[in-house]
Amino acid sequence: MTSAEAIALIEAATGPRDVFGDGDGTVAARLYRRLARLTHPDACPGDSRAAGAFAKLAELWRRRPGSYGSLLVRGDIGNLYRVRPGLLKIARNPADNDLMRREALSLAMLRDRIEPRLRAYFPHLVEARRRQDPGSGVERLANVIAELPGFVSLAEVRTAFRAGVDARDAAWMWRRLLVAIGAAHRAGVIHGAVLPEHVLIHPAEHGLVLVDWCYSLAGPAARLAAVVGRYRDWYPPEVLADRCAGPDLDIWLATRCMTELIGARMPERLARFAAGCLLASPRHRPFDAWRLLAELDELLDRLYGPRVFRPFAMPA
Amino acid sequence: MGSGRWSTDVYDAAAQFRAATGASAFGYSDGGASSVHPALDPRRVHARESRDSAEHPQSLAIAVLFDVTGSMRGVPRALQAKLPQLLGLLLRKGYVADPQIMFGAIGDATCDRAPLQVGQFESDNRMDDDLSRILLEGGGGGQKTESYELAMYFMARHTAIDCFAKRGRRGYLFIIGDEMAYPRVKAGEVRKVVGGGLQADLPLAAIVAEVTRTWDTYYVLPAAASYAGDDEVLGFWRGLLGQNVIELADTDAVCEVIALTIGLGEGVVGLDEGLEDLRDVGSDAGPAVSRALARIGAGSTRLELAAAPDDLDGTSGNIRL
């Protein structure tokens with residue numbers, strides 16, 4: 001395309017669609033940059049038609065329908081918008097782009113390494129995206145995650161049951177949380193932020209999905225990049241000091257989630273089990289979630305007898 | 001640093017002058033120098049800065065560091081002759097509006113006089129001065145390892161780049177070499193070469209995680225170097241950087257490879273389109289570039305332009321450790 005052709009195209013356009021088409025944002029963005037280059041005052045010095053086309057192009061670009069949906073959730077570091085293929089989770093602060101990249105990498109690792117029957121415990125990454133604000137040039141990384149209809153977070157459950165959740169109901173959540181954590185660890189990924197907002201359950205189906213992998217770590221020498229500010233005092237002290245986090249971190253935080261969820265309704269025997277997961281020395285803490293699950297099952301069997309399905313529902 | 005008018009023709013004149021007087025473009029090294037030029041000495045550098053300016057409102061930091069040890073054979077000299085073309089190529093292609101380029105060199109901190117040399121981020125022909133000051137080490141250890149980890153440490157902790165700080169956009173770091181890094185950043189070497197207070201050794205994986213937060217980092221292995229095509233070296237870097245490992249079949253194509261990698265990363269060019277561009281200008285770099293970049297193009301994340309809504313207000317609820 002020549003500058004003259006670009007100018008003619010822009011001049012003839014009656015709306016953004018005439019220039020950028022209906023295609024996806026990438027094609028439109030590429031077209032925008034190309035046309036801007038061809039009509040830029042530096043490329044056509046002294047050409048008033050080019051200058052007019054350049055200004056009109058910017059205006060057409062501004063009028064292009066926004067590709068953000070409505071804000072659904074405001075998370076710790078990202079906002080979630082509903083878009084066509086799922087939920088667009090995007091960093092509010094571009095300094096957190098590395099955490100979004102981390103999430104995409106970890107979700108891809110989990111998808112590749114976890115056996116199919118356990119994949120339901122993890123969110124499905126539809127695609128990773130990069131978005132740039134044309135005005136400021138700010139670039140934000142985003143992940144499109146498949147929506148999880150019917151799920152609620154442990155934080156919401158805790159709020160709904162002010163006196164705490166019956167330990168017999170919390171039991172299936174605890175068990176499933178350990179299944180998810182153990183599966184991730186076997187795939188080489190530590191979640192790093194097992195907190196009430198990141199554990200989603202499906203009340204009727206007794207489903208559980210561990211979400212938000214932005215804080216995750218992969219590999220033996222990896223270090224925790226950040227912690228969730230509101231939960232700073234939930235983390236074991238040595239993690240805040242030296243950033244080194246092992247599998248015991250996920251188990252520690254999962255235990256905190258469950259003791260918080262059950263609250264004052266925690267049976268004495270289960271409280272001692274939890275205390276045994278929250279020991280001061282990392283070397284004394286459990287690190288294998290699936291072995292811990294076997295211990296928990298033994299205890300639940302002793303406390304409540306053989307497992308039976310207990311329907312669970314959020315209060316209306 | 002980093003401001004100035006763009007031109008790439010001054011280098012050509014300088015090279016012609018040097019050719020006429022018989023001096024190679026590595027003027028400093030060939031002049032009998034045996035230690036790092038003061039302008040490239042990383043010692044006590046707080047930070048090499050790539051800043052926005054009125055002239056360059058959306059600066060993008062690009063760093064090219066190459067191994068100058070003996071195993072690289074004639075590659076460093078070839079790079080030195082080719083790399084001045086990078087700025088012009090990026091501008092001409094429209095891949096980057098405001099590039100700021102830094103050149104540097106990597107040696108072996110266990111035995112070399114010049115384990116690390118780093119220039120300034122420049123947007124004009126001053127970057128060529130840095131190139132010509134690079135001391136060609138020619139030494140290196142015999143263990144198929146050089147001090148790449150020290151270079152990554154410097155890039156992670158001693159650079160300050162507005163593209164990342166202001167816009168969340170990573171700079172591009174290209175490490176051109178043919179060997180592996182040492183397994184740890186050694187506190188003693190940091191003290192000696194860079195200065196500053198690294199208290200304890202850092203595992204390689206930790207410094208890679210750190211540098212890739214601010215730098216989109218690529219390893220380029222030229223076919224003309226001793227360990228070209230070496231599975232151990234390639235596997236080592238793929239383990240650290242994933243798909244960002246490029247086998248450069250033709251050293252002459254180094255600028256085209258770097259430019260197209262950046263173009264792909266910036267989302268301003270598709271692989272097919274970029275290769276076509278190269279053919280249009282009669283570049284013989286096409287096949288080498290396409291082999292090296294096919295994987296990167298396939299794995300890159302697409303860039304969308306969309307005005308950010310007000311609720312993307314920059315607040316973050318995390319605490320960095």
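Per chain, numbering begins at 1; letters A, B, ... match sequence-line order.
Judged by distance alone, the side chains of A/R111 and A/S106 never bring a donor and an acceptor atom under 3.5 Å apart. Between the side chains of B/D162 and B/S59, no donor-acceptor pair of N or O atoms lies under 3.5 Å.
Chain A forms more heavy-atom pairs under 4.5 Å with one residue of B/K166, B/R169, B/Q58 than with any other, namely B/R169. Among B/E210, B/R320, B/R170, the residue making the largest number of heavy-atom pairs under 4.5 Å with chain A is B/R320. Highest contact tally toward chain B, considering only A/L224, A/I90, A/V227, A/D76, is held by A/V227 [criterion: heavy-atom pairs under 4.5 Å].
Ion pairing of A/R223 with A/D242 is absent here, as no side-chain N (NZ or NE/NH1/NH2) approaches a carboxylate O to less than 4.0 Å. In this structure, A/D233 does not pair ionically with A/R256, as no charged nitrogen and carboxylate oxygen lie closer than 4.0 Å. A salt bridge links A/R129 with A/E127; the closest basic N to acidic carboxylate O contact falls under 4.0 Å. Between A/R230 and A/E197 there is a salt bridge, since at least one side-chain N of the basic residue sits less than 4.0 Å from a carboxylate O of the acidic one.
Neither the backbone nor the side chain of B/I207 comes within less than 4.5 Å of any heavy atom in chain A. For chain A, the nearby parts of B/A308 are the backbone and the side chain; heavy atoms of each come within less than 4.5 Å. Residue B/T214: no heavy atom, backbone or side chain, is found under 4.5 Å from chain A. Interface remark: A/A241 contributes no atoms to any contact with chain B (heavy atom separation under 4.5 Å).
Here B/Y218 and B/W237 keep their ring centres 6.0 angstrom or further from each other. For A/Y215 and A/H191, the gap between ring centers reaches or exceeds 6.0 Å.
Side chain of A/R92 to main chain of B/G314: no donor-acceptor pair is present (N/O by atom type, distance under 3.5 Å, no hydrogens or angles). Counting only distance, with no hydrogens or angles, the side chain of A/K56 and the backbone of A/I10 share a donor-acceptor pair below 3.5 Å.
Between A/Y231 and A/W234, the two ring planes are perpendicular [angle over 60°; tilted spans 30° to 60°].
Of the residues listed (B/T217, B/T212, B/D216), the one engaging B/N244 in a side chain to side chain donor-acceptor pair (under 3.5 Å) is B/D216, and it is the only one.
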| task | Check the pair B/R157, B/L198 against side chain to side chain contact (heavy atoms under 4.5 Å, CB included), reporting the backbone distance first and the verdict last. | result | CA-CA 10 Å; B/R157 301 213 178 164; B/L198 179 66; 3.7 Å; yes
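Contacts with chain B (heavy atom to heavy atom, under 4.5 Å) involve these residues of residues 97-104 of chain A, listed by number: A/N97, A/D98, A/L99, A/R101. Scanning residues 136-146 of chain A against chain B with a 4.5 Å heavy-atom cutoff picks out A/S136, A/G137, A/V138, A/E139, A/R140, ordered by number.
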